[in-house]
2 protein chains.
Amino acid sequence: MSTHSFTEENYLKLIYALVSRGADEVSTNALAEVTATRAASVTDMLKRLADKQLVHYRKYQGVRLTDEGERLALTIIRRHRLWEVFLVDKLGFGWDQVHEMAEELEHIRSDELVERLDSFLGNPQFDPHGDPIPTPAGHMPAAPSQKMADLLPNESACLLGVLDHSAAFLQHLDRSGLVLGCTVNVSEISPFDRSMRVTIPPGQTLFVSYDVARNLLVGPTKA
Amino acid sequence: MSTHSFTEENYLKLIYALVSRGADEVSTNALAEVTATRAASVTDMLKRLADKQLVHYRKYQGVRLTDEGERLALTIIRRHRLWEVFLVDKLGFGWDQVHEMAEELEHIRSDELVERLDSFLGNPQFDPHGDPIPTPAGHMPAAPSQKMADLLPNESACLLGVLDHSAAFLQHLDRSGLVLGCTVNVSEISPFDRSMRVTIPPGQTLFVSYDVARNLLVGPTKA
DNA sequence: ATAAATTTTTAGATTAGACTAAAAAAAGTT
DNA sequence: AACTTTTTTTAGTCTAATCTAAAAATTTAT
Ligand SMILES: [Mn+2]
Ligand SMILES: [Mn+2]
Ligand SMILES: [Mn+2]
Ligand SMILES: [Mn+2]
């Protein structure tokens, strides 16, 4: 029943994120980068997390989560994503506005609160950015992995998520009319800059730059 | 645009509460009591709050809020009470379960979040305990002040709030069938222990001890 | 294999917020 | 008024989380 500080919880979440998109162990510098602190501060914190058995840490060798550390990281991510659903679905925020608030809300300590929130929201499977919501037990469901940029001409797919979570990118999608869940059909790909011409539901045509397409995740269309 | 720590916000809220139910200035010891810290720690914090112009503080003379300090205290109280309404009305928590969670939620920093939450909840005027919700501008509406213990035989009144917020008291009310909003009619008061016999809506009779009656707030019945 | 560059750790300092023990001020009593 | 008790402040210590500067280990390049 030990309790953890916001700071510790944030480190765990970031270690999880770095491990899941890359190497097996995370470097001190990589963590200093994402925590916006100095390497010396990271070393300090890694020692503390190792004391609490939340990470495996060997000097100069980088760090990875223990089972308990990963379980904890996933509950924080679960909370973050459920609160984002609340903010968008219930309070009407835009998907580009909710990240900072969820960064705070995810630390509210109450399992019952999270589980009641989950049912209030209708047990959503994905957050507003298409990221899967971990189970209460701490299991991360599979996420879509195919990028829109990998589609071939004439292929259709369903828009499922974003890789770039920046407000600028999300607002660009809003302006383009690209919405999660919508079906896109690739009509043409320019060999020069890999930009795509795609059509979306009510017969609308639009151009998608490679920079956008490689940050969009797609999956099979709902038949 | 300055930002305040959870600790600072809690001190402001507690100073507000102590001032509103008592003397003009709050003593160091009184604050040590309610913050569950030592007097020396309180003195430290009062100096810091005075530096930030949130309190008027004179050595050995106690402390009171500045205008800015009071405005801030009231926004924290507003947030606390709105989150309590959310937890009870939307997530189905009991009124005896929500205080600790609201203690954390009240510190989430986003004015827009609070205002959207307010409309989502239907702009409630009172929290689940009958406490009035301050306005966004920082004005505390008048609260009911008449105690059920002050009713006379044959008087009717509407149950509007509680003075004791402890889970034990609230659960006792649940078991008795006393619910905020219900109309009570005093049929008899024992001169021995000041206990009351009261009737509530579907013709139910119940006994209310003085200890309970002096912790219940009442107002005129809705004609 | 050495030297140079990079990464990581250690050492020492700082800040917020708490603590204890002792000094000082205020309040209460004879 | 002088003594006693209570309250409050000061002085000094501690921990979590940060920092900078310097030392040590590792990696890369010659
Ligand atoms: Mn987010
Ligand atoms: Mn998200
Ligand atoms: Mn409360
Ligand atoms: Mn309340």
Side-chain angles (χ1 to χ4, degrees), chain A residues 1-15 18-19 22-65 69 72-73 76 103-104 106-107 109, chain B residues 1-15 18-19 22-65 69 72-73 76 103-104 106-107 109:
Chain A
M1 299 307 130
S2 81
T3 185
H4 315 92
S5 68
F6 285 23
T7 312
E8 287 170 336
E9 293 186 347
N10 284 333
Y11 268 87
L12 293 176
K13 217 178 40 158
L14 291 168
I15 294 167
L18 288 174
V19 166
D24 202 57
E25 310 227 288
V26 177
S27 75
T28 301
N29 261 3
L31 274 167
E33 174 80 26
V34 295
T35 56
T37 62
R38 300 311 190 136
S41 310
V42 172
T43 300
D44 252 27
M45 179 56 88
L46 292 183
K47 286 177 181 169
R48 261 189 304 248
L49 292 174
D51 283 349
K52 295 195 176 187
Q53 319 262 356
L54 295 170
V55 301
H56 295 293
Y57 168 64
R58 302 189 325 286
K59 278 188 190 177
Y60 293 101
Q61 302 306 305
V63 73
R64 58 180 220 281
L65 296 173
L72 192 51
I76 311 299
E103 280 299 315
E104 299 189 32
E106 71 191 2
H107 301 292
R109 285 167 229 294
Chain B
M1 314 313 129
S2 81
T3 185
H4 315 93
S5 69
F6 285 22
T7 312
E8 287 170 335
E9 292 186 348
N10 284 333
Y11 268 87
L12 293 176
K13 218 177 41 157
L14 290 168
I15 294 168
L18 288 174
V19 166
D24 203 57
E25 310 227 289
V26 177
S27 75
T28 301
N29 261 3
L31 273 168
E33 174 80 27
V34 295
T35 55
T37 62
R38 301 310 192 135
S41 309
V42 173
T43 300
D44 252 28
M45 178 56 87
L46 294 183
K47 285 178 182 170
R48 252 172 297 162
L49 292 174
D51 282 350
K52 295 196 176 186
Q53 319 262 356
L54 296 171
V55 301
H56 295 294
Y57 168 64
R58 301 190 325 286
K59 278 188 189 177
Y60 293 100
Q61 302 305 304
V63 72
R64 59 180 220 281
L65 297 172
L72 192 50
I76 310 299
E103 280 298 316
E104 299 189 31
E106 71 191 2
H107 301 293
R109 285 168 230 292

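In this structure, A:Lys47 atom NZ and C:dT8 atom P are separated by 14 Å, rounded to whole Å. Following rounding to the nearest Å, B:Asn10 (CG) and C:dG17 (P) show an atom-to-atom distance of 11 Å. The CG-P distance, from B:Leu46 to D:dT8, rounds to 10 Å in whole Å. Atom CD in A:Glu33 sits about 16 Å away from atom P in C:dT6, given to the nearest Å. B:Arg58 places its CZ atom 11 Å from the P atom of C:dA26, with the value rounded to the nearest Å. Put simply, CG on B:Leu31 is 14 Å from P on D:dT7, counting in whole angstrom units.
Residues B:Leu46 and B:Leu31 form a side-chain contact, since some pair of their non-hydrogen atoms from C-beta on lies under 4.5 Å apart. Under the 4.5 Å side-chain criterion, counting only non-hydrogen atoms from C-beta, B:Tyr11 is in contact with B:Thr37. Between B:Lys13 and B:Glu103, some side-chain heavy-atom pair lies under the 4.5 Å cut-off. Within the 4.5 Å cutoff, side-chain heavy atoms of A:Glu106 are placed close to those of A:Asn10. The side-chain heavy atoms of B:Thr43 and B:Tyr57, taken from C-beta on, include a pair separated by under 4.5 Å. Side chains of B:Leu54 and B:Glu8 form no contact here, defined as non-hydrogen atoms less than 4.5 Å apart.
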Under 3.5 Å, which N/O atoms of the protein pair with N/O atoms of nucleotides 23-27 of chain D?
residue : atom : partner : partner atom : Å
D:dA25  : O4'  : A:Tyr60 : OH           : 3.2

Tabulate atom names and distances for all N/O pairs under 3.5 angstrom spanning the protein and nucleotides 3-5 of chain C.
none

Identify each atom pair where a protein N or O and an N or O of nucleotides 18-20 of chain D are less than 3.5 Å apart, giving names and distance.
residue : atom : partner : partner atom : Å
D:dC19  : OP2  : A:Arg38 : N            : 3.0
D:dC19  : OP2  : A:Ser41 : OG           : 2.6
D:dT20  : OP2  : A:Arg38 : NE           : 3.1

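Heavy-atom contacts from other residues, nucleotides or ligands closer than 6.0 Å to CD of A:Glu33 number 12 or fewer.
Side-chain nitrogen and oxygen atoms of B:Tyr57 include at least one within less than 4.0 Å of the OP1 or OP2 phosphate oxygen of D:dT9. For B:Ser5, a side-chain nitrogen or oxygen approaches OP1 or OP2 of C:dG17 to under 4.0 Å. At least one side-chain nitrogen or oxygen of A:Asn29 sits closer than 4.0 Å to the OP1 or OP2 atom of C:dT8.
Here the shortest heavy-atom pairing between A:Ala39 and A:Asn29 reads CB-OD1, 3.8 Å. What you find for B:His4 and B:Arg109 is that their closest heavy atoms are O-NH1, 2.8 Å.
Relative ring orientation between B:Phe6 and A:Phe6 is described as perpendicular, the plane-to-plane angle rising above 60° on a 0-90° scale split at 30° and 60°.
Under the side chain to side chain contact (heavy atoms under 4.5 Å, CB included) rule, B:Val26 has a single partner from B:Val34, B:Val55, B:Leu65, B:Leu18, which is B:Leu18.
Nucleic acid contact class of A:Thr28 (heavy atoms, under 4.0 Å, all strands): sugar-phosphate only.
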